[in-house]
Amino acid sequence: MGPSWDPFGNFDTCRCEAFLTVFQSSSPLPRALLAARFRAYLQLAKPGIVAGNLVSVSGGLLLASRGEVSWPQFALILAGVALLIASGCALNNVIDRDVDAVMARTRFRPMVQNVIGVPAAMAFAVLIGVSGMGLLYGVTRHWLAPLLMLVGYAAYVGLYSLWLKRRSVHGTLAGSISGAIPPVVGYCAVSNSMDGAALTLLLMLSLWQMPHSYAIAIFREADYRAATIPVLPVVRGMRAAKRQILLYTIAFAASSILLALTARLGWIYVLAALGCAIHWTWLAFLGFSASDDRAWARRVFWTSITQLTILSSAMATSFQSSA
């Protein structure tokens with residue numbers, strides 16, 4: 001469900017006994033403990049992943065709105081989706097706490113550091129998940145968007161986190177499906193229809209996830225190898241991963257242009273899609289002659305985020321008249 005980074009840094013906090021002093025003192029220390037606990041739960045929800053997903057959700061929402069946006073509804077749908085994504089991320093932290101402990105980029109997560117216990121983390125995930133589902137249904141007044149979100153949630157927590165991530169190189173594909181659901185939810189929350197544009201959006205974002213995720217697997221290869229996670233560069237080597245990045249990049253480019261037809265988007269989107277297609281495909285070709293695989297993979301990763309932002313903005317603002 002998008003990239004994983006920690007914008008809040010790593011931190012240590014006191015155990016439960018010290019935290020109880022919040023209710024016994026008015027000194028600055030309890031406030032610091034409250035702030036640390038808040039940051040721990042925020043980190044548990046993976047705010048970077050939530051924020052990244054909301055970019056594409058916004059694109060889907062605005063695409064379906066076609067210039068007639070109810071901004072209160074827009075904000076509430078985003079809030080509901082954000083809570084559900086955060087809930088899935090919290091459960092993923094619970095499931096992955098053992099492998100997170102051996103990976104350099106994740107060893108300071110709150111579950112690894114025992115800042116938050118398993119029962120508390122699961123209660124938090126359930127609370128925000130149920131709240132998100134209730135909010136999404138309450139705003140849309142139909143079941144299509146909530147049910148699609150539930151499918152994505154099950155794919156991420158069940159199919160990916162609990163089953164395929166540690167067992168198969170195809171875990172990335174399962175993760176790509178869950179990561180592609182939120183923008184489709186945004187579209188269907190407004191349209192209440194799983195039409196050609198929604199299906200193309202699902203295909204397009206599933207394809208986008210693959211080179212994005214393989215790029216992460218390349219520049220984080222040492223972490224995945226240490227945790228014995230069977231990602232493509234670890235199992236089949238760098239050249240195979242680069243070949244897959246190129247093929248999926250080409251397929252994504254084709255699907256992004258197809259969206260112009262199924263969603264009846266205007267020339268601004270078409271130009272943006274063509275520009276992004278040419279640039280990302282060219283960058284994928286450069287991988288076969290790269291002298292530093294990790295540096296090249298980071299360029300692919302950041303380019304993927306930039307292109308998703310550009311295309312989401314273009315699809316939100318460039319559409320033909322429905323007349």
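Hydrogens, waters and symmetry mates are skipped; everything else that's a heavy atom, side chains included, is used. Only a predicted model underlies this, so the values are computations on that prediction, with no experimental measurement involved.
Hydrophobic clustering, with ILVMFWY side chains joined whenever heavy atoms are under 4.5 angstrom apart, keeps L76 apart from L127. Under the 4.5 Å side-chain heavy-atom criterion for ILVMFWY residues, a single connected hydrophobic cluster contains both V185 and L199. Under the 4.5 Å side-chain heavy-atom criterion for grouping Ile, Leu, Val, Met, Phe, Trp and Tyr, V126 is not connected to L83 through any hydrophobic cluster. Taken together through direct or relayed side-chain contacts under 4.5 Å among Ile, Leu, Val, Met, Phe, Trp and Tyr, L207 and V169 form part of one hydrophobic cluster. Under the 4.5 Å side-chain heavy-atom criterion for grouping Ile, Leu, Val, Met, Phe, Trp and Tyr, L62 is connected to L144 within one hydrophobic cluster.
Note on residues 174-206: no pairs pass ring-ring contact (aromatic ring centres under 6.0 Å, His included), not counting sequence neighbours.
By the neighbour-count criterion of 12 heavy atoms within 6.0 Å, atom CZ of F285 is sparsely surrounded, having that number or fewer from other residues, nucleotides or ligands. The neighbour count for R166 CZ, taken as heavy atoms of other residues, nucleotides or ligands under 6.0 Å away, is above 12. Heavy atoms from other residues, nucleotides or ligands lying under 6.0 Å from CE of M194 number more than 12.
A cation-pi arrangement is absent between R294 and F219 under the rule of less than 6.0 angstrom and at most 45 degrees off the ring axis.
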Report task. For side-chain contact (heavy atoms from CB on, under 4.5 Å), just list the numbers for N192 and R141, CA-CA rounded to whole Å, side-chain angles, deciding distance to a tenth of an Å, and then say yes or no. Result -> CA-CA 10 Å; N192 192 22; R141 293 296 179 181; over 6 Å; no
Report task. Begin from the C-alpha positions of Y224 and M103 and carry the test side-chain contact (heavy atoms from CB on, under 4.5 Å) through to its verdict. Result -> CA-CA 7 Å; Y224 287 111; M103 297 174 70; 4.1 Å; yes
Query - Residue pair Q209, Y248: steps toward the side-chain contact (heavy atoms from CB on, under 4.5 Å) verdict - result: CA-CA 9 Å; Q209 292 276 343; Y248 276 110; over 6 Å; no
Query raised in the report: Should V234 and I229 be marked as a side-chain contact (heavy atoms from CB on, under 4.5 Å) after you check the CA-CA gap, both sets of side-chain angles, and the distance that decides it?
Result: CA-CA 8 Å; V234 172; I229 302 297; over 6 Å; no
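The shortest distance between side-chain heavy atoms of L232 and T172 does not fall below 4.5 Å. Here the side chains of T106 and V112 are not in contact, with every heavy-atom distance at 4.5 Å or above. Using a 4.5 Å heavy-atom threshold, the side chains of M133 and L84 count as touching. Contact annotation: the side chain of V235 never approaches that of V231 to less than 4.5 Å [non-hydrogen atoms, C-beta and beyond]. A 4.5 Å side-chain heavy-atom check between S58 and F74 finds at least one atom pair inside the cut-off. Side-chain contact check for N92 versus K46: some heavy-atom pair is nearer than 4.5 Å. Under the 4.5 Å side-chain criterion, counting only non-hydrogen atoms from C-beta, H212 is in contact with I305. Between V81 and N53, every side-chain heavy-atom pair lies at or beyond the 4.5 Å cut-off.
For the residue pair W296 and A290, the shortest heavy atom distance occurs at CB-CB, 3.9 Å. Here the closest non-hydrogen pair linking P182 and S178 is CD-O, 3.3 Å. Taking every heavy atom of both residues into account, L44 and A121 meet most closely at CD2-CB, 3.9 Å. In plain terms, the two heavy atoms of D292 and A295 that are nearest each other are OD1-N, 3.1 Å. The two residues M111 and N93 have their closest heavy-atom pair at CG-O, 3.8 Å. Here the closest non-hydrogen pair linking A277 and T281 is O-OG1, 2.7 Å.
Rounding to the nearest 0.5 Å places OG1 of T317 at 9.0 Å from CG of L265. Separating the CG atom in L159 from the NE2 atom in H170 is a distance of 12.0 Å, to the nearest 0.5 Å. Here CE of M315 is found 9.0 Å from OG of S256. Values are rounded to the nearest 0.5 Å. With rounding to the nearest 0.5 angstrom, the OG1 atom of T303 is 5.0 Å from the CG atom of L283.
When each of D96, D100, D98 is tested with R109 by the rule salt bridge (Lys or Arg N to Asp or Glu O under 4.0 Å), just one qualifies, namely D100. Each of S56, C188, S312 was compared with P183 under the side chain to side chain contact (heavy atoms under 4.5 Å, CB included) criterion, and only S56 meets it. Between T200 and the choices V184, L205, T262, the side chain to side chain contact (heavy atoms under 4.5 Å, CB included) rule is met once, by T262.
Using cut-offs of 30° and 60° on the angle between ring planes, the pair W143 and Y137 is parallel. Taking the six-membered ring where the residue is Trp, W282 and H279 present tilted rings, their angle falling between 30° and 60°.
For R220 (side chain) and A217 (main-chain N/O), no donor-acceptor pair under 3.5 Å exists by modelled atom type. A donor-acceptor distance shorter than 3.5 angstrom exists from the side chain of S304 to the backbone of F301, with no hydrogens or angles considered. S65 places no side-chain N or O within 3.5 Å of a backbone atom of G67 that could act as its donor or acceptor partner. Counting only distance, with no hydrogens or angles, the side chain of S289 and the backbone of L286 share a donor-acceptor pair below 3.5 Å. Judged by distance alone, the side chain of W163 and the main-chain N or O of V157 form no donor-acceptor pair under 3.5 Å. Side-chain atoms of Q307 never come within 3.5 Å of backbone atoms of W208 as a donor-acceptor pair (strictly under, hydrogens ignored). Of the possible polar contacts, one joining the S176 side chain to the L173 backbone as a donor-acceptor pair under 3.5 Å is found. Within the 3.5 Å criterion, the main-chain N or O of G287 finds a donor-acceptor partner in the side chain of K242. For the pair S161 (side chain) and Y156 (backbone), a donor-acceptor distance under 3.5 Å is present. A side-chain donor-acceptor contact under 3.5 Å links S318 to the backbone of Y269.
For R225, the salt bridge (Lys or Arg N to Asp or Glu O under 4.0 Å) partners at least two apart in sequence or on another chain are E221. Every residue two or more places apart in sequence or in another chain was checked for a salt bridge (Lys or Arg N to Asp or Glu O under 4.0 Å) with D195, and none qualifies.
A side-chain donor-acceptor contact under 3.5 Å links S87 and Y153.
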